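Take a look at the structure set out below.
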Amino acid sequence: MQLISVNIGEERPLRNGKRTGTSAIFKEPTTEPVAIGQLGLDGDVIIDTENHGGVDQAVYVFGRPDYDWWEKHIRRTLPNGIFGENLTISGLESATFTIGDRLQVGNVLLEVTAPRIPCASLAARLEDPEFVKKFRFAERPGLYCRVLETGMVTVGDPVTYLPLQGEGISILESFRFFYEHDDMDEAVIRRYLAAPIDIRSRHWFEDELAKRMA
């Protein structure tokens, strides 16, 4: 695999239906080397800090094969960065990954923590009010990652896949779980808590476990 686009976003107006707000989902490619720290790419803006960003969702990764799938199904050319990802990688299909898998991108080491859950900003960016639903059922969510080793990345850097050792929770299972968890029991909660999931999800599972232990 190879890093084919590095994308950075600034705050810009975004119209969502009848409402106009601001968002940093408009990521623009850069050919310059970019530093990646614990909180993500240098210069990249996070507006909705309640749901995005932080050390466990510092970098969002999307694969060009998933782009190719979308282009075929919606019959539209999609430039790198339009999904709001920071790093676009050749040969990466997000649904095949497991939470805890790692990606060595140049001298930066990333660890997969969560799938991306679609929101209204994504639908507005794609100019399709039905896109949240389409994104859910396409099951190609991209990968949120934490940064284990900071450094610099540049377009053209090699990307190495380092799989989690042992059984884990797949990105696709986690993505589906967000929408369908009515039959969740204590064993399922403990299984998620044993995985290197993102902190927002961890807090939710800890609260659910506390309810069952009360």
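Note that the structure is a prediction, hence the values are computed from the model and not measured.
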Would you mind reporting whether [Y] and [X] have side-chain heavy atoms less than 4.5 Å apart?
X      : Y      : value
Val61  : Cys145 : yes
Val6   : Leu87  : yes
Leu78  : Leu126 : yes
Asn7   : Asn86  : no
Thr160 : Leu103 : no
Glu139 : Arg176 : yes
Val159 : Leu92  : no
Glu149 : Asn107 : no

**Request:** Could you tell me whether Arg75 atom CZ has more than 12 heavy atoms of other residues or ligands within 6.0 Å of it?
**Result:** no
Ion pair check, [X] and [Y], cut-off under 4.0 Å:
X      : Y      : result
Glu180 : Arg136 : yes
Lys27  : Glu85  : no
Asp68  : Arg64  : yes

Is it true that a side-chain atom of [X] and a backbone atom of [Y] form a donor plus acceptor pair closer than 3.5 Å?
X      : Y      : value
Arg116 : Phe62  : no
Arg125 : Leu14  : no
Asp198 : Gln57  : no
Ser174 : Ala114 : no
Gln2   : Gly156 : yes
Arg146 : Gly54  : no
Ser94  : Gly142 : yes
Thr113 : Tyr144 : yes
Asp44  : Gly9   : yes

Ring-plane angle category for [X] and [Y], please: parallel below 30°, perpendicular beyond 60°, tilted otherwise.
X      : Y      : result
Phe175 : Phe135 : perpendicular
Tyr67  : Phe83  : perpendicular
Trp69  : His73  : parallel

**Asked** Step by step, would you call Ile82 with Arg76 a side chain to side chain contact (heavy atoms under 4.5 Å, CB included)?
**Response** CA-CA 12 Å; Ile82 198 170; Arg76 173 182 169 189; 3.9 Å; yes
**Item:** Between Tyr161 and Asp101, a side-chain donor and acceptor under 3.5 Å
**Value:** yes
**Asked** Can you tell me how far CG of Leu162 sits from CD of Glu111, rounded to the nearest 0.5 angstrom?
**Response** 10.5 Å
**Request:** Run through Tyr192, Trp204, Phe205 and flag the one making a ring pair (Phe, Tyr, Trp, His ring centres under 6.0 Å) with His181.
**Result:** Trp204
